[in-house]
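Below, chain A is the first sequence line, B the second, and so on; all start at residue 1.
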Protein chains: 2
Amino acid sequence: MRDVAEHAGVSVRTVSNVVSGYAHVSPSTRERVQRSLDELGYRMDFLAKGLRSGRTGFVALAVPFLAEPYFAELAQAVIHAAARRGITVLVESTAGDREVERRILSGGLTNVADGVLLSALTLPAADVGSAVPDFPLVMLGEHSVGDHLPRVGIDNVAAARTAVAHLVDQGCRRIVALGRNDSENGRQRTEGYRQAMAEAKVRRVNWLVVPVEDWTRAEGYAAVQELLDGDGPLPDGVFAFNDALAVGALRALDASGVRVPDDVAVASIDDIQEAAYTHPPLTSIAPDLDAIAERALDLLERQASPDAEADGPPEPAAVEPTPFRLVVRRSSQFRPAEG
Amino acid sequence: MRDVAEHAGVSVRTVSNVVSGYAHVSPSTRERVQRSLDELGYRMDFLAKGLRSGRTGFVALAVPFLAEPYFAELAQAVIHAAARRGITVLVESTAGDREVERRILSGGLTNVADGVLLSALTLPAADVGSAVPDFPLVMLGEHSVGDHLPRVGIDNVAAARTAVAHLVDQGCRRIVALGRNDSENGRQRTEGYRQAMAEAKVRRVNWLVVPVEDWTRAEGYAAVQELLDGDGPLPDGVFAFNDALAVGALRALDASGVRVPDDVAVASIDDIQEAAYTHPPLTSIAPDLDAIAERALDLLERQASPDAEADGPPEPAAVEPTPFRLVVRRSSQFRPAEG
DNA sequence: CCCGACTCTTGCATCGTTGCAAACGATCAC
DNA sequence: GTGATCGTTTGCAACGATGCAAGAGTCGGG
């Protein structure tokens, strides 16, 4: 910038004014500086700007596994939404490591990013504690890790209930819930399953929740395989906690010659792009990723604004779940044999 | 840092020495400073450090679509490899926008990142020109956009040839190549297809290259649908340029009642995780993503090192393609009716 | 007992940019 | 003609860290 100033015969400060679009710069000066700028191929140093102004224009997004389609699509949505605001996204992959998530929560990314979006998969509430972080933070997906933290996501209980109710509507009675684990998300989706089953007055003996380690295709495959190998009565419906599990389940059912949806109906949550191309196409709950991304960024900006501390607890509207919809495809077109 | 110095009763410089692990600091001082550090919850400012030292510890990775599984998995591999070197990855999504890619090439990320990894999908060679960028840059995937730029990726011609040769081995004769477009990658994979067909002495009349816009599931579906609706003879093999296209193709074949692999064998390139769960499981060429990530980072580091300018053109070894292997699954188990 | 060598600590300048407030020149109203 | 006002430009300091080189203190050898 110093070079540019010299080349244009003005002060460094004036160059800064031109670059940052300050109003009171005479057209002639502006043009002259602009020419020097172009001629010398000047590029602004983000670091210095960030150091001086305290804002970097970065938002960090931490997800457990970027290679999992759901998170990849979420990241894409966030990047897109951020780009429209002139914000660049820094994507971190925590690998589901509790330690990494904790480090992020305790401010490991401050100074690098103006705000942090954390999609914590494994983080137990205990780790979060009740400390409110000293930097803008929004939790994605989890809806009760800590009530004091702003968060964005669908209502997991309602989503699960909707999916299971749909299976019930199709005539399924013996519905397996696939995917319980000790995550908050897992608990909530289990609860949604329970509610739907209770509402439908399905007899308790037909309730079955199958636990898995991770919500991956491999786990879904293994769990269903085991179920089929067992000696219990076969289910007529599978509600997978996410699409990856459902994809694994579909493969296992297919491998064992169980027909979907004729013998077993399948539905799940996430509606990743892959879901429209499975065999058969998968019925799934589609969260509005764009809405999630937009709202998350809104919340970050609100936290960053100076009057943030004035309004104490987050507004009720801020924690209202984002919308979702049920996308019905062939996997759930179950019609039980009459009689 | 000033606060810490005051709290510990030493100078700012000494605190800096402790933080950066300078050798000549007395144990007592070190411990005292360390205690103050912990007590005040000191966190180093990346920006200031970066501004002073000229290195940020960031590497930027630009891919066309993060939501495409192949790129998500590639990003995951890069993030993982970078993490082991203490490097943080900044993931950009260019949305396949030529303008965005060009901006990155002309240095839009300098100062933010120590180096840039660019996976350019659409960028024509003309845009690259022959100008060598003034910052560390490594191209991913593309293998002849500009010979002067270091690049990492598999040999696309060989990969395509291997996949097609495999289909030929299975007895396929009328093999459709699905995915030509005007990208460099597309040209190379088309060339590999041609070579394999020629080597197998397949009659020209059985060669067929179907063009598509993007390498997505939807395009793969549409292309195959159109093919089946046409009045030409049906193929007995499909070589898709990537797994996404293959997934779409499988779905279209299934929807039309064409059996895979009995009627048509399918193979493609990428071996994304999804490939093991399609119907039937998809035979695919698996590039070694970890090797790609490692080598790309190596090349960046070499460019960043001070003696980089000494050794003129990149070493031959640096441009040697990374390894890949053929993963055979059921989709290619074609056995033609005898006679 | 003094001096050099070594260890530990420190002050100053600096990276590239922007906030602040003053300086400058011109225009305007009285 | 003079003071107030406005638009335009500028110098200085600062953001938080590190490179450099010098200062303070300690030890051992001559």
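Using a cutoff of 4.0 Å between basic side-chain nitrogens and carboxylate oxygens, A:Glu294 and A:Arg85 are scored as salt-bridged. Using a 4.0 Å cut-off between a side-chain N of Lys or Arg and a carboxylate O of Asp or Glu, A:Glu31 and A:Arg35 qualify as a salt bridge. The pair B:Arg43-A:Asp134 meets the salt-bridge criterion, since a charged nitrogen lies less than 4.0 angstrom from a carboxylate oxygen. Electrostatic pairing of A:Glu101 and A:Arg98 does not count as a salt bridge here, judged by no charged N lying under 4.0 Å from a carboxylate O.
For B:Met44 and D:dC15, the CE to C1' distance is 15 Å, given to the nearest whole Å. If you measure from atom CD of A:Glu6 to atom P of C:dG16, you get 14 Å, rounded to the nearest angstrom. A straight line from CG of B:Asp3 to P of D:dC15 spans 11 Å, rounded to a whole angstrom. Atom CZ of B:Arg55 and atom P of D:dG16 are 24 Å apart (whole Å). For the pair A:Asp45 CG and C:dT18 C1', the computed distance is 13 Å after rounding to whole Å. Regarding A:Met1, its CE atom lies at a distance of 19 Å from the P atom of C:dT14, rounded to whole Å.
At D:dC15, none of the side-chain N or O atoms of A:Ser53 fall inside 4.0 Å of OP1 or OP2 (strictly under the cut-off). The side chain of A:Tyr22 contributes no N or O atom lying less than 4.0 Å from OP1 or OP2 of C:dG19. Between A:Ser16 and C:dT18, a side-chain N or O to OP1/OP2 separation shorter than 4.0 Å is present. Remark: A:Lys49 is not in phosphate contact with C:dG16, judged by side-chain N or O atoms under 4.0 Å from OP1 or OP2. Phosphate proximity of D:dC15 to B:Arg2: present, with a side-chain N or O under 4.0 Å from OP1 or OP2. For C:dT18, the OP1/OP2 oxygens have no side-chain nitrogen or oxygen of A:Ser20 closer than 4.0 Å. Side-chain N/O atoms of B:Thr14 include none lying less than 4.0 angstrom from OP1 or OP2 on C:dT9.
Across all strands shown, B:Val12 has no heavy atoms under 4.0 Å from either base or sugar-phosphate atoms. Contact annotation for A:Val19: no contact, since no heavy-atom pair falls under 4.0 Å across all strands. Using a 4.0 Å heavy-atom distance criterion, B:Asn17 is classed as a base contact.
Side chains of B:Ser106 and B:Arg103: a donor-acceptor N/O pair is absent below 3.5 angstrom, by distance only. Between the side chains of A:Thr322 and A:Asp288, no donor N or O sits under 3.5 Å from an acceptor N or O.
Listed nucleotides: C:dT18, D:dT10, D:dG16. Nearest to the side chain of A:Ser11: D:dT10. Of the candidate nucleotides C:dT10, C:dT9, C:dG16, C:dG16 has the atom nearest to the side chain of B:Leu51. Taking every side-chain heavy atom of A:Arg13 into account, C:dT18 is the closest of C:dT9, C:dG16, C:dT18. Counting only heavy atoms from C-beta on, B:His24 has its side chain closest to C:dT9 among C:dT9, D:dT18, C:dT17.
A donor-acceptor contact under 3.5 angstrom links the side-chain atoms of B:Arg52 to the base of C:dT14. For D:dG16, the base has no donor-acceptor partner in the side chain of B:Arg43 [N/O atoms by modelled type, under 3.5 angstrom].
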